[in-house]
Amino acid sequence: MRLSMDHSYGGFGGAVERLLRVFIVAATGAMMAMSGPASAQMASVQPDVKDVKPIRLAVLGDSLTAGFGLPASAAFPVRLQKALSEKGIATDIHNAGVSGDTTTGGLARLDWSIPPGTEAVIVELGANDALRGVDPKVARGALDDILTKLKARNIAVLLCGMYAPPNYGAEYTAKFNSIYPELAKSHKVPLYPFFLDGVATEAKLTQPDGLHPTAAGVDVVVERILPTVEAFLKDRASQLGKP
């Protein structure tokens with residue numbers, strides 16, 4: 001299956017563009033410059049990324065992370081792992097994305113989609129729920145259960161938000177959009193507010209369906225989310241006692 005196109009963002013034209021363009025999430029990392037003998041000593045003991053035991057990360061999502069319409073090498077998990085490696089962060093990323101999946105579907109397959117030994121998960125689900133007009137209570141309940149089950153397995157979570165298109169009305173949109181920040185707060189997990197930030201409604205970054213990112217679009221998603229993922233994984237590595 002693929003991401004439902006019954007109510008695609010591309011079909012909503014200007015209304016969706018006006019809705020989504022107001023949500024621009026920018027995250028940047030900061031580095032402190034070091035000089036002198038102390039920095040040279042630190043550099044001399046800095047482990048090479050190839051020598052560090054990688055963090056075992058899974059991406060639980062739908063077609064947006066599965067890589068719909070793209071070669072496997074251009075899928076979000078693959079591009080994210082490459083970007084992290086270039087930052088000196090060793091990861092072994094499992095693509096647990098299934099095209100067409102909803103929050104309920106993700107919950108149903110959670111136990112077998114997230115392999116034993118997984119240490120961290122990026123959860124990206126809900127786009128199909130919003131496009132199909134699924135009751136926000138259902139989506140909230142499924143995501144709540146996913147977060148609870150992952151916590152019980154001692155797996156850290158980064159939750160990615162999604163925005164509902166406006167065709168179901170302001171009340172539906174408000175209820176759906178509030179799911180992610182409220183669950184992130186109640187479960188005390190980090191939140192990336194909008195997974196498609198910088199890509200949604202950008203024709204040059206989306207496939208002809210107007211929704212799924214092109215390879216260039218995936219790279220923009222990775223670039224935007226990377227600082228948040230870096231912070232998330234560094235915190236997890238510290239908890240696990242990994243350098």
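Because the structure is a prediction, the values reported are computed rather than measured.
- A66 meets the side-chain contact (heavy atoms from CB on, under 4.5 Å) test with S99; sequence neighbours excluded.
- Atoms CD and CD1, on Q81 and I55 in that order, are 11.5 Å from each other to the nearest 0.5 Å.
- Summarising the geometry, atom CE belonging to M162 is positioned 11.0 Å from atom CG belonging to L143; distances are rounded to the nearest 0.5 Å.
- Residue Y163 is tested with F194, Y168, F176, Y180 for a ring-ring contact (aromatic ring centres under 6.0 Å, His included); the sole match is F194.
- Judged by distance alone, with hydrogens and angles left aside, the side-chain atoms of N177 form a donor-acceptor pair with the main-chain N or O of A164 at under 3.5 Å.
- By the criterion of side-chain heavy atoms lying less than 4.5 angstrom apart, applied directly or through intervening Ile, Leu, Val, Met, Phe, Trp or Tyr residues, V78 is not grouped with L64; the two fall into different hydrophobic clusters.
- Applying the ring-ring contact (aromatic ring centres under 6.0 Å, His included) definition to pairs two or more places apart or across chains, those involving residues 72-108 are F76-F195.
- Interatomic distance, OG1 of T91 versus CG of L84, reported as 5.0 Å (0.5 Å rounding).
- A search for side-chain contact (heavy atoms from CB on, under 4.5 Å) contacts involving T148 returns D144, H187, not counting sequence neighbours.
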When you look at S186 and L183, which way does the side-chain contact (heavy atoms from CB on, under 4.5 Å) test go after all the steps? CA-CA 5 Å; S186 63; L183 286 180; 4.2 Å; yes
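- The line from CG of L159 to NZ of K185 is 15.0 Å long, rounded to the nearest 0.5 Å.
- Contacts classified as salt bridge (charged side-chain N to carboxylate O under 4.0 Å, His left out) and involving residues 64-86 (residues at least two apart or in different chains) are given here: R79-D219, K82-E86.
- Of the inter-residue distances, the one linking L107 atom CG with L147 atom CG reads 10.5 Å to the nearest 0.5 angstrom.
- Applying the ring pair (Phe, Tyr, Trp, His ring centres under 6.0 Å) test to F232 and every residue at least two apart in sequence or in another chain returns nothing.
- Sorted by first and then second residue, the salt bridge (charged side-chain N to carboxylate O under 4.0 Å, His left out) pairs involving residues 160-175 (not counting sequence neighbours) are E171-K175.
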Working for salt bridge (charged side-chain N to carboxylate O under 4.0 Å, His left out), residues D197 and R224: CA-CA 7 Å; D197 175 47; R224 294 291 184 98; 2.9 Å; yes
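- Among all heavy-atom pairs drawn from I122 and C160, the shortest one is CG2-SG, 3.6 Å.
- Counting only distance, with no hydrogens or angles, the side chain of Q207 and the backbone of F68 share a donor-acceptor pair below 3.5 Å.
- Across all their heavy atoms, I179 and P136 have their closest contact at CD1-O, 3.5 Å.
- With sequence neighbours excluded, the residues satisfying side chain to side chain donor-acceptor pair (under 3.5 Å) with R140 are S178, E182.
- For the pair S113 and L110, the minimum side-chain heavy-atom distance is 4.5 Å or more.
- Annotation: the span from L191 atom CG to T228 atom OG1 amounts to 9.0 Å, rounded to 0.5 Å.
- A side-chain donor-acceptor contact under 3.5 Å links R153 to the backbone of I114.
- Between the side chains of T206 and H212, not a single donor N or O lies within less than 3.5 Å of an accepting N or O.
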Tell me, with the steps shown, if E124 and L60 meet side-chain contact (heavy atoms from CB on, under 4.5 Å). CA-CA 6 Å; E124 177 280 307; L60 181 70; over 6 Å; no
Go through L150 and V123 one step at a time and tell me if the side-chain contact (heavy atoms from CB on, under 4.5 Å) criterion holds. CA-CA 10 Å; L150 290 173; V123 175; 4.1 Å; yes
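- Legend: residues meeting side chain to side chain donor-acceptor pair (under 3.5 Å) with T103, ordered by chain and number and at least two apart, are D129.
- Here the shortest heavy-atom pairing between P77 and N95 reads CG-CG, 3.5 Å.
- Between L80 and I93 there is a side-chain heavy-atom pair separated by less than 4.5 Å.
- Residues that satisfy the side-chain contact (heavy atoms from CB on, under 4.5 Å) test with Q239, not counting sequence neighbours, are D235, R236.
- For K151, there are no side-chain contact (heavy atoms from CB on, under 4.5 Å) partners, not counting sequence neighbours.
- A donor-acceptor distance shorter than 3.5 angstrom exists from the side chain of K242 to the backbone of P54, with no hydrogens or angles considered.
- For the pair S63 and L211, the minimum side-chain heavy-atom distance is 4.5 Å or more.
- Grouping Ile, Leu, Val, Met, Phe, Trp and Tyr residues whose side-chain heavy atoms lie under 4.5 Å apart, directly or via other members, places V138 in a hydrophobic cluster with V134.
- R56 places no side-chain N or O within 3.5 Å of a backbone atom of E119 that could act as its donor or acceptor partner.
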Check the pair L233 / L158 against side-chain contact (heavy atoms from CB on, under 4.5 Å), numbers first and verdict last. CA-CA 9 Å; L233 293 181; L158 169 60; over 6 Å; no
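- Among the candidates L205, L70, T65, V199, the single residue satisfying the side-chain contact (heavy atoms from CB on, under 4.5 Å) test with P213 is V199.
- R109 meets the salt bridge (charged side-chain N to carboxylate O under 4.0 Å, His left out) test with D101; sequence neighbours excluded.
- Between L125 and G61, the closest heavy-atom pair is CD2-C, 3.6 Å.
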